[in-house]
Amino acid sequence: STSGLPVTFSILSGPATINGHTITLTGEAGTVTVQANQSGDNTYAAATSVLSSFEVLLAPQSILFEPIADKITDDLPFTLQATSSSGLPVTFTLLTGPASITDNTLITLSGIPGTVIIAANQAGNSQYLPATEVIRSFMVLCVTADADNDGICAGVDCNDSDPLLPAIPGTSCNDGD
């Protein structure tokens with residue numbers, strides 16, 4: 001104040017608190033409005049209150065989702081692991097491929113070869129922006145090579161000698177494939 005008298009501050013609205021001259025943010029986004037007052041004394045009249053506002057923005061975050069090694073069709077279920085820089089939980093979505101996700105993290109392969117594509121997301125909250133989606137893919141490979149390249153593993157495909165004939169599920173083959 002031009003009078004040299006003390007100025008007091010108060011938070012009128014927004015995600016903050018004040019103690020003396022120290023503003024503490026509560027961790028949420030929003031507009032903080034601070035009011036400054038100088039009440040005057042026997043010599044000086046009270047000053048007109050002054051309002052000042054500022055924006056508290058959401059913090060950015062990222063996801064760490066390491067690449068997934070290729071798998072074999074008969075591999076056991078495995079757990080996906082990813083973390084967000086905010087510490088908030090990451091959710092997984094199976095985008096495509098011969099697998100399923102249970103309880104958000106357990107991957108079970110369906111037993112057929114192909115490419116599995118998984119997305120990791122974190123939606124954000126009152127403190128953090130949504131994270132950029134991270135996509136990972138891995139191959140599910142046959143234990144034994146697919147002789148006719150029809151995408152059906154040897155030992156399952158009874159028609160490896162004729163790639164135009166479909167596999168016969170549930171049958172056992174004695175043709176070496």
Side-chain angles (χ1 to χ4, degrees), residues 1-73 75-141:
S1 74
T2 57
S3 67
L5 294 173
V7 176
T8 59
F9 299 94
S10 59
I11 301 293
L12 294 183
S13 62
T17 60
I18 194 160
N19 184 4
H21 292 93
T22 303
I23 294 175
T24 302
L25 303 178
T26 62
E28 296 181 354
T31 303
V32 176
T33 302
V34 181
Q35 182 176 24
N37 293 301
Q38 185 275 100
S39 57
D41 65 6
N42 294 338
T43 307
Y44 295 98
T48 303
S49 294
V50 175
L51 299 179
S52 182
S53 297
F54 62 92
E55 290 295 318
V56 178
L57 305 175
L58 293 176
Q61 65 170 323
S62 60
I63 294 173
L64 176 62
F65 184 20
E66 296 291 338
I68 302 168
D70 289 345
K71 303 294 180 183
I72 303 297
T73 53
D75 280 351
L76 294 174
F78 62 97
T79 301
L80 292 171
Q81 295 181 351
T83 57
S84 67
S85 58
S86 65
L88 295 171
V90 174
T91 59
F92 298 100
T93 305
L94 175 68
L95 299 179
T96 187
S100 61
I101 298 178
T102 307
D103 296 330
N104 188 51
T105 61
L106 186 66
I107 294 286
T108 302
L109 303 176
S110 66
I112 60 174
T115 301
V116 175
I117 302 174
I118 298 168
N121 288 283
Q122 206 314 300
N125 64 9
S126 62
Q127 298 175 344
Y128 291 93
L129 291 166
T132 300
E133 180 178 69
V134 177
I135 296 178
R136 295 285 181 244
S137 65
F138 63 93
M139 296 293 301
V140 179
L141 306 168

Side chain to side chain donor-acceptor pair (under 3.5 Å) contacts touching residues 55-67 (sequence neighbours left out): T31-E55, Q61-S86, Q61-Q122
Listed partners of S126 passing side chain to side chain contact (heavy atoms under 4.5 Å, CB included), at least two apart: E28
Going by the ring-ring contact (aromatic ring centres under 6.0 Å, His included) test, which pairs reach into [range], not counting sequence neighbours?
| range | result |
| --- | --- |
| residues 33-66 | F65-F92 |
| residues 14-43 | F9-H21 |
| residues 93-113 | none |

Between [X] (side chain) and [Y] (backbone), is there a donor-acceptor pair under 3.5 Å?
| X | Y | answer |
| --- | --- | --- |
| N104 | V90 | yes |
| N37 | T8 | no |
| D103 | T105 | no |

Give the minimum heavy-atom separation between [X] and [Y], together with the two atoms involved.
| X | Y | value |
| --- | --- | --- |
| I11 | A16 | CG2-O, 3.7 Å |
| E133 | N121 | OE2-ND2, 3.1 Å |
| D70 | M139 | OD1-N, 2.9 Å |
| T73 | I112 | CG2-C, 3.6 Å |
| Q38 | S3 | NE2-OG, 3.5 Å |
| P130 | A123 | CG-O, 3.3 Å |

Rounded distance [0.5 Å steps], CG in L76 versus CD1 in I72: 12.5 Å
OG on S53 to CG on L12, rounded to 0.5 Å: 8.5 Å
Contact between [X] and [Y] at the side-chain level, heavy atoms closer than 4.5 Å - yes or no?
| X | Y | value |
| --- | --- | --- |
| T93 | I101 | no |
| P98 | L109 | no |
| T24 | N19 | no |
| L80 | I68 | yes |

CA sep, side-chain torsions, deciding dist, call: T115, T96, side-chain contact (heavy atoms from CB on, under 4.5 Å): CA-CA 8 Å; T115 301; T96 187; over 6 Å; no
Any residue meeting ring-ring contact (aromatic ring centres under 6.0 Å, His included) with Y128, in chain and number order, not counting sequence neighbours: none
Test applied, side-chain contact (heavy atoms from CB on, under 4.5 Å); reference residue, P77; option that passes from I107, T108, T102: T108
